[in-house]
Each structure stands twice: as structure tokens, then as C-alpha cells.
2 protein chains.
Amino acid sequence: MPTPKLSREEVVHRLTRAFRAFGFDEASLAKLSDATGLGRSSLYHYFPEGKDQMARAVLDAARAWLADNLVVPVSAADTPADKMARAREALGRFYENGQAACFLELFALGGAQAAMGEAVAQDMRAVQGLFTSIAESAGHCGEDAKARGELALVVVQGALVVARGGGDVSVFERALARLPQILLD
Amino acid sequence: MPTPKLSREEVVHRLTRAFRAFGFDEASLAKLSDATGLGRSSLYHYFPEGKDQMARAVLDAARAWLADNLVVPVSAADTPADKMARAREALGRFYENGQAACFLELFALGGAQAAMGEAVAQDMRAVQGLFTSIAESAGHCGEDAKARGELALVVVQGALVVARGGGDVSVFERALARLPQILLD
DNA sequence: GTCTATAGGAAGATAGAC
DNA sequence: GTCTATCTTCCTATAGAC
């Protein structure tokens with residue numbers, strides 16, 4: 001059948017779900033095949049370089065999503081409180097309210113560390129920079145804003161870990177609720 | 001040679017280093033063999049049930065270490081500030097000042113999740129409970145102490161993630177330095 | 001208690017028909 | 001573009017000599 005079953009965008013979306021659910025190492029080609037509904041060979045048609053390329057595509061899509069849905073709205077907001085609200089809303093959606101793991105935990109710690117660790121680290125620094133800019137917009141400057149940005153990132157990442165580890169998603173909501181205090185007050 | 005090369009304790013210690021460095025999935029028996037200096041078959045002599053049993057032994061040893069070096073000293077301390085100082089010192093050693101990953105990230109997210117996720121979750125709740133008790137000893141009560149305990153755990157776990165992901169260990173030191181404010185003030 | 005050798009299976013990746 | 005079949009490699013685990 002020379003007609004594609006799925007758009008590349010949809011394939012990447014399904015791969016994202018699978019990588020988030022299983023992590024890099026555990027996401028075998030068999031599972032990726034199930035998750036996408038495509039045979040292994042079809043996946044290699046979309047991604048000739050194999051599993052690494054699939055993971056890179058997932059990371060690139062996540063970066064683009066964050067640029068559109070986090071960075072742009074926050075930058076466009078007028079007041080610090082508005083920036084904060086938009087960031088919180090975007091993060092809640094990105095992490096599916098704590099149900100979805102961060103790529104960092106999944107990629108930077110497993111077998112993908114060598115191949116993709118730097119890309120994930122860059123994204124993380126970008127989010128930290130955004131947090132710092134929100135703190136600066138609230139009147140905190142220099143080292144103080146930087147420390148607040150770092151703490152905000154730490155709290156978000158830690159909440160994802162604790163939520164998954166303890167099986168209690170509400171930890172993540174409470175962490176997001178703390179961000180205004182951390183960045184603005 | 002019917003004479004053991006290593007004590008079981010030393011074997012577990014070396015396994016701990018290997019599991020922390022590679023995670024559960026990536027710690028192949030070949031790597032565990034290298035890390036211990038024992039052949040694969042010798043490892044199976046110590047742990048007939050295989051890799052899962054090795055990981056359980058590592059977790060049990062970690063639990064015992066935390067009981068002796070974190071829980072007992074903190075419980076024995078007189079003042080809240082003293083409890084805090086002892087907890088901070090023990091956590092710094094347990095995580096090797098941020099260089100060592102938490103077992104949670106490594107075990108609860110990888111292939112060991114089904115087998116050992118609950119054990120790790122229990123340890124995590126125990127540490128959170130200890131944090132909460134420190135907050136209570138400082139005069140915070142009920143929900144407030146619980147919220148502080150949760151935030152402390154979130155910050156510690158998040159700092160480990162960010163430190164490893166960004167390659168900057170100093171994040172962890174700064175996180176530990178924030179604990180007194182989180183739990184006591 | 002340690003070793004060498006190997007069984008048995010699953011992984012990632014490829015070949016070629018349609 | 002998708003499929004079935006297969007290759008190679010690496011994995012966990014076991015068998016049996018010493």
C-alpha cells in the first residue's frame with residue numbers, strides 16, 4: 001500500500017507517548033511498533049537512523065511545543081502574575097498534570113545519555129532561563145532572580161519524580177501552585 | 001579456589017556503585033561483573049535469583065545505611081537546628097554531594113519499576129516523614145509540617161535531577177542549604 | 001567459590017517482495 | 001509505504017569442570 005497510514009506528525013506524537021511511558025531503554029522497537037501501529041520496518045522508513053533518530057524527533061517536537069506554548073505566551077504577557085499564570089498552565093499541559101515524566105529523567109539518565117543528554121540539558125536551561133526572566137520581571141534582579149529560577153526548575157523536576165515514585169500525582173499540582181511564591185514574592 | 005575473594009558486604013557495595021552509575025537496565029551483568037571483579041557465574045552464586053536479587057540487596061543496604069546514618073542521628077538530636085544539620089550532613093554523604101543519582105530515578109523509572117518500585121517508594125515516604133518530623137519539632141504542626149516535608153523531598157530529588165542533567169553538581173549543595181529555611185522557618 | 005562455555009531469547013537493524 | 005523474514009549482537013541465566 002503506497003499510501004501512508006499516518007502523518008509524520010502523528011507518528012512522532014505516538015512515539016512521544018511511548019517514550020514517555022517507557023523511557024528510552026525500555027521503549028523497544030516492538031513497543032514503539034505497537035504504540036504507532038506501524039511495523040518495525042515502517043518505522044525505519046520514517047527514521048532510517050533508527051531508534052536514536054526517533055528519540056531526537058520526539059525531543060525536537062517537544063522543544064517546538066515548548067517554544068510555541070510556553071516561551072511565546074509568557075514573553076507576550078504583560079504583568080509578572082500573568083506570565084506566571086501562563087507558564088503554570090503550559091507546564092501543566094506539557095507534563096499532563098504530573099502524569100507524564102520529564103524527558104530528562106527518561107533520556108538523560110538511561111542509554112540515551114551520550115546521544116541526547118546535551119539536547120535535554122539545553123532545554124532544561126532554557127526553561128530555567130524563562131523562570132529567571134519571570135522573577136526579573138517581578139523586580140528581582142541578578143543573583144536573586146537566578147536563584148529563584150533555579151529553585152523553580154528544581155521544584156518542577158522534583159515534583160515529577162516524587163509524583164511518579166510515590167504514585168501521587170497531586171504532588172505536581174501543589175508544586176505548580178508554589179511557583180508564584182518562589183518566583184514573584 | 002574455594003576461598004571468597006570478597007565479603008558479601010563488599011560485593012554489595014561495588015554493585016551499588018555500578019547500579020548508581022548505570023541505572024538498572026544499563027547495568028548489564030557484564031558491567032556488574034567488571035565492577036565487582038567477579039565472573040558472572042560468581043555473581044549468580046551470591047545471588048541465585050539473578051539481577052533482581054542484586055538490585056534488592058543494593059536497596060536493602062541503602063535502607064540500612066539511611067536508618068543508621070540519617071534516621072537515628074536525627075532522632076537523637078536535641079534541637080531542630082541540630083536535627084537539620086545532621087540530616088543535611090547525612091544526605092550530602094548519601095548522594096555524594098549530588099554526584100550520585102537517587103535510586104528512585106534509576107529504579108522506579110526503568111525496567112525495575114514493577115519489581116522494586118514499591119520498595120523505593122516506601123524509602124522515599126520514610127525520608128519525607130523524617131523531614132515532616134523535623135518541621136514538627138520546629139513548631140510547625142499538622143498540614144503545615146506535612147507540606148514542608150513534601151517540599152523538602154521534592155527539592156532534594158529535583159536538585160539531583162537538575163544537577164545530573166545540567167552537569168552542575170553545585171545545584172545540589174544549594175538545595176541542601178535551602179532545607180533549613182524550608183523546614184524550620 | 002570461581003571459572004569457561006553455552007543455551008535460549010530479545011534487542012536493534014536490514015533485505016527484498018509487493 | 002508496508003509487509004514478512006532474517007541477520008547480528010547482546011542480554012540473562014544455566015551447566016558443569018575444577
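First the proteins, then the strands, lettered A, B, ... as listed; each starts at 1.
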Just do the salt bridge (Lys or Arg N to Asp or Glu O under 4.0 Å) check on B/Glu150 and A/Arg178 with the steps written out, would you? CA-CA 12 Å; B/Glu150 180 180 286; A/Arg178 278 190 237 270; 3.7 Å; yes
Over how many whole Å does the gap from [X] atom [atom1] to [N] atom [atom2] extend?
{"X": "B/Tyr44", "N": "C/dT6", "atom1": "OH", "atom2": "P", "answer": "18 Å"}
{"X": "A/Leu32", "N": "C/dA10", "atom1": "CG", "atom2": "C1'", "answer": "14 Å"}
{"X": "A/Phe19", "N": "C/dG12", "atom1": "CZ", "atom2": "C1'", "answer": "12 Å"}
{"X": "B/Leu43", "N": "D/dC11", "atom1": "CG", "atom2": "P", "answer": "14 Å"}
{"X": "B/Glu26", "N": "C/dA11", "atom1": "CD", "atom2": "P", "answer": "15 Å"}
{"X": "A/Leu29", "N": "D/dT9", "atom1": "CG", "atom2": "C1'", "answer": "14 Å"}
{"X": "B/Lys31", "N": "D/dC11", "atom1": "NZ", "atom2": "P", "answer": "8 Å"}

With hydrophobic residues grouped by side-chain heavy-atom distances under 4.5 Å, do B/Leu130 and B/Trp65 end up in a single group?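 Yes, B/Leu130 and B/Trp65 fall within the same hydrophobic cluster.
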Just compare [options] and give me whichever is closest to any side-chain atom of [X].
{"X": "B/Ser42", "options": "D/dA5, C/dA13, C/dT2", "value": "C/dT2"}
{"X": "B/His45", "options": "D/dG1, D/dT12, C/dG1", "value": "C/dG1"}
{"X": "A/Ser28", "options": "C/dA11, C/dT4, D/dT2", "value": "C/dA11"}

I'd like to know if B/Ser41 reaches the base of D/dA13 with its side chain such that a donor and an acceptor end up less than 3.5 angstrom apart. no
How many angstroms lie between CG in A/Leu184 and NZ in A/Lys83, if you round to the nearest 0.5 Å?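 The NZ atom of A/Lys83 is 11.0 Å from CG of A/Leu184, to the nearest 0.5 Å.
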Which of residues 46-60 of chain A sit near DNA chain D, with a heavy atom under 4.0 Å from it?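 Listed by number, they are A/Tyr46.
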With nearest nucleotide decided by heavy atoms, which residue, B/Gly37 or B/Arg40, maps closer to the 5′ end of DNA chain C? B/Gly37
Name all pairs fulfilling the side-chain hydrogen bond (donor to acceptor under 3.5 Å, both in side chains) condition that reach into residues 44-53 of chain B, sequence neighbours left out, sorted by first residue then second.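 Counting only pairs at least two positions apart or across chains, the side-chain hydrogen bond (donor to acceptor under 3.5 Å, both in side chains) contacts touching residues 44-53 of chain B are B/Glu49-B/Arg56.
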Quick one, B/Glu136 and B/Lys146 - any side-chain contact, counting heavy atoms below 4.5 Å?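 B/Glu136 vs B/Lys146: side chains apart.
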Is the distance between the ring centroids of A/Phe19 and A/Phe103 under 6.0 Å? no
Could A/Arg20 and A/Phe94 be counted as a cation-pi pair, given that NZ or CZ must be under 6.0 Å from the ring centre and within 45° of the axis? yes
